[in-house]
Amino acid sequence: MTTLIGGEMLLWSDLDGSRGRGPVSGDALGFLLSQPFGRTLVAGPHAPELLEALPPAQVTVLARGAADAELLATRGLTVVCGSLEKMAAVPAYDTVIALDGLDRLHSAEAEPHSWTETLDLLLAVLKPGGRLLLGVENLFGIHRLTALPATPTDAEWTVPDDHDPQRPAGHARLLSHLARRGLHVQRDYAAYPGLSSPTVLLSREIQADAALAGALEAAVATAVQPTTDVLIDPVRLATAAVRNGLATALAPAWVVVAHRDPGTTADAALPDAVINGREFRLPAAGLPRGRTLEDHLLAAAQRRDLPTMRDLLTTWQSSPSAGVPAAQIVLGDNAELTALAPAADPLTALRAFAASAIAGGFAPLWPIRADEAELTAVLAGMTGRELEPSEVPPADKPGAHAVGDLLADRDRLTRELSEAKAKHEWYEQMLLRREAELKRVRQMNALLSATVPGKAATTLVGGLRAGKRAMRSVVRRTRGS
């Protein structure tokens, strides 16, 4: 059943994603919806598959596009079509779900609303003691720090306003803002790689366990792999954020579960983390404890501790995890290696580490000025495997490029070209000087040959050469006889 409340967008759809980003979706968010919510309002574009975890009889969906309302109604859901401000301010829902955030709840014809005004409109329909599931994009997240300027799509007639003084800037201010609105945060997550379809949700509690840093770094590194060209490599930035305790502050988005009841205790049904379709809970968590092998290797390189580097490389390359990238291996106690990704070719994994070392600025620590293939051969040699750089398999063609790395490569090639040009000019000058010196010597020889002593010397030399030829002729005749 569909109810029109005003502000309907007759020729618009947020679900198909053809004019901008699509609806929020993914198994990670599905884990948060797999619990009883009572009468529920789902506000904003959410993938229909995501809503299958909710009982249809208790769910009302707010959609601003008429086409979306028709699609959702066919799935047995109660649909309210229109703009959020047209809804009656009646506290009728036990739970309000707005995992897509607050930016797509008003129609194009609606008066502009600040972030806080939109939140207040949602809270106006939430019962006392009710629960709010809210997604919030971080306007200073890794996805924005690494992104190139994009061409606005048809959906972006408005953009998230980071100059809005009412929009909370940063994670801490978001929690404070919700508290001032009478909400008590039960659990909040850092969402990677973005708000639309997160694959990794990390609570502050699981991030506080330093022993799990390796597993969290590996999970975040997999989540933020770029698919389009970027300004800088988001993997290095994201793993550094986890390592330095900034995974929440720099997360692309946050997901908050909050209650209006101050006496509500933490819900044990909510996981502490969701990683690639699996949920984890403290204290055991089920994740390997330790740092990544790549972290250990780079730390040894930083200290120029070649014996430790050799031992780590040998342990890695002689184990079943030899073909797993070092960034996807956790090194635990007793040198135990836990692979978090499938294995491939060992040399490919070794080259991937060499590329990380060079891209991370660790190349000057080596005694040679190596490229990826040369450094891979050196690393293989440290494990006892003799290898020529030409035998190293070529790197896979990247699906995306980091402009910062391309600029660094350009500067390096410019510097190498300048050095080669300087050498060429020096050799050219040396060749010109030697040709000039040879020409002068020839001229001097010609002048000396024209003098009386020179002619005598020439005659003597000619006589000696004639005598030499005569002697050779006598020797040949004697041997013949």
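Worth knowing before you read on, the calculation uses all heavy atoms, side chains too, and leaves out hydrogens, waters and symmetry mates.
- Here W316 pairs with nothing under the ring-ring contact (aromatic ring centres under 6.0 Å, His included) rule; sequence neighbours left out.
- Side-chain atoms of L71 and D68, non-hydrogen and from C-beta on, never get closer than 4.5 Å to each other.
- Counting non-hydrogen atoms of other residues, nucleotides and ligands closer than 6.0 Å to CZ of R385 gives a total of 12 or fewer.
- Pairing each heavy atom of P193 with each of S197, the nearest pair is CD-O, 3.9 Å.
- With T314 contributing its side chain and D311 its backbone, the two residues share no donor-acceptor pair below 3.5 Å.
- Distance check: L306 CG to R310 CZ gives 6.5 Å after rounding to the nearest 0.5 Å.
- The closest side-chain heavy-atom distance from Q35 to R131 is below 4.5 Å.
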Please list every donor-acceptor pair under 3.5 Å in which a side-chain atom of residues 324-340 meets a protein atom from a residue at least two apart or in another chain.
residue: Q328; atom: NE2; partner: A218; partner atom: O; Å: 3.1
residue: Q328; atom: NE2; partner: T222; partner atom: OG1; Å: 3.1

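- Sorted pairs that involve residues 192-202 and meet salt bridge (Lys or Arg N to Asp or Glu O under 4.0 Å), not counting sequence neighbours, are lacking altogether.
- Put simply, CG on L122 and CE on M87 are 8.5 Å apart, with the number rounded to the nearest 0.5 Å.
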| request: Output, in order, the C-alpha distance, side-chain angles, deciding distance and verdict of side chain to side chain contact (heavy atoms under 4.5 Å, CB included) for F37 and D94. | output: CA-CA 7 Å; F37 286 134; D94 301 299; over 6 Å; no

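- With T348 contributing its side chain and P346 its backbone, the two residues share no donor-acceptor pair below 3.5 Å.
- The shortest distance between side-chain heavy atoms of L202 and V220 falls below 4.5 Å.
- Screening R167, H106, H113 against T118 for a side-chain hydrogen bond (donor to acceptor under 3.5 Å, both in side chains) leaves a single residue, H106.
- Remark: R181 CZ to S176 OG distance equals 12.5 Å, nearest 0.5 Å.
- Here the side chains of L287 and L216 are in contact, with some heavy-atom distance below 4.5 Å.
- Screening residues 242-252 for salt bridge (Lys or Arg N to Asp or Glu O under 4.0 Å), with sequence neighbours left out, gives E217-R243.
- Taking the side chain as every heavy atom from C-beta outward, L133 and L33 approach each other to under 4.5 Å.
- Of all heavy-atom pairs between P226 and V230, the closest is CB-CG1, 3.9 Å.
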In a table with atom names and distances, give each donor-acceptor pair under 3.5 Å that connects a side chain of residues 43-59 to protein atoms at least two apart or in another chain.
residue: H46; atom: ND1; partner: G44; partner atom: O; Å: 2.9
residue: H46; atom: NE2; partner: L99; partner atom: N; Å: 3.2
residue: E52; atom: OE2; partner: R75; partner atom: NH1; Å: 3.4

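- With values rounded to the nearest 0.5 angstrom, D103 atom CG is found 9.5 Å from W115 atom CH2.
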| task | May I have the step-by-step check of side chain to side chain contact (heavy atoms under 4.5 Å, CB included) for L350 and L313, ending in yes or no? | result | CA-CA 9 Å; L350 205 59; L313 289 171; 4.2 Å; yes

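- The side-chain heavy atoms of L29 and Y189, taken from C-beta on, include no pair separated by under 4.5 Å.
- Atom CG of N138 and atom OG1 of T248 lie 10.0 Å apart (nearest 0.5 Å).
- Rounding to the nearest 0.5 Å places CG of L183 at 7.0 Å from CG of L119.
- Using a 4.5 Å heavy-atom cutoff, the side chains of F353 and L298 are in contact.
- Closest of all the heavy-atom pairs between V24 and L195 is CG1-O, 3.5 Å.
- For the pair T2 and A69, the tightest heavy-atom approach, listed with the atom from each and the gap, is OG1-O, 3.8 Å.
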| Can you list the steps and then say if H171 with L175 is a side chain to side chain contact (heavy atoms under 4.5 Å, CB included)? | CA-CA 6 Å; H171 180 257; L175 301 186; 3.5 Å; yes

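- When all heavy atoms of A92 and R39 are compared, the pair lying nearest together is O-NH1, 2.9 Å.
- The side-chain contact (heavy atoms from CB on, under 4.5 Å) test with P23 singles out one residue from D16, L15, D14, and that residue is L15.
- The heavy-atom pair separating S83 from S107 by the smallest distance is OG-N, 3.1 Å.
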For residues 271-279, which side-chain donor-acceptor pairs fall under 3.5 Å, sequence neighbours excluded?
residue: D272; atom: OD1; partner: R187; partner atom: NH1; Å: 3.3
residue: D272; atom: OD2; partner: L282; partner atom: N; Å: 2.8
residue: E279; atom: OE1; partner: R281; partner atom: NH1; Å: 3.4
residue: E279; atom: OE1; partner: R281; partner atom: NH2; Å: 3.4

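- Side-chain contact check for L347 versus L387: some heavy-atom pair is nearer than 4.5 Å.
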| request: Starting from the C-alpha separation in whole Å, work towards a yes-or-no answer on side chain to side chain contact (heavy atoms under 4.5 Å, CB included) for L237 and D233. | output: CA-CA 7 Å; L237 184 58; D233 183 9; over 6 Å; no

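- With Y192 contributing its side chain and A247 its backbone, the two residues share a donor-acceptor pair below 3.5 Å.
- Looking only at atom types and distance, the side chain of H177 has a donor-acceptor partner in the side chain of T116 under 3.5 Å away.
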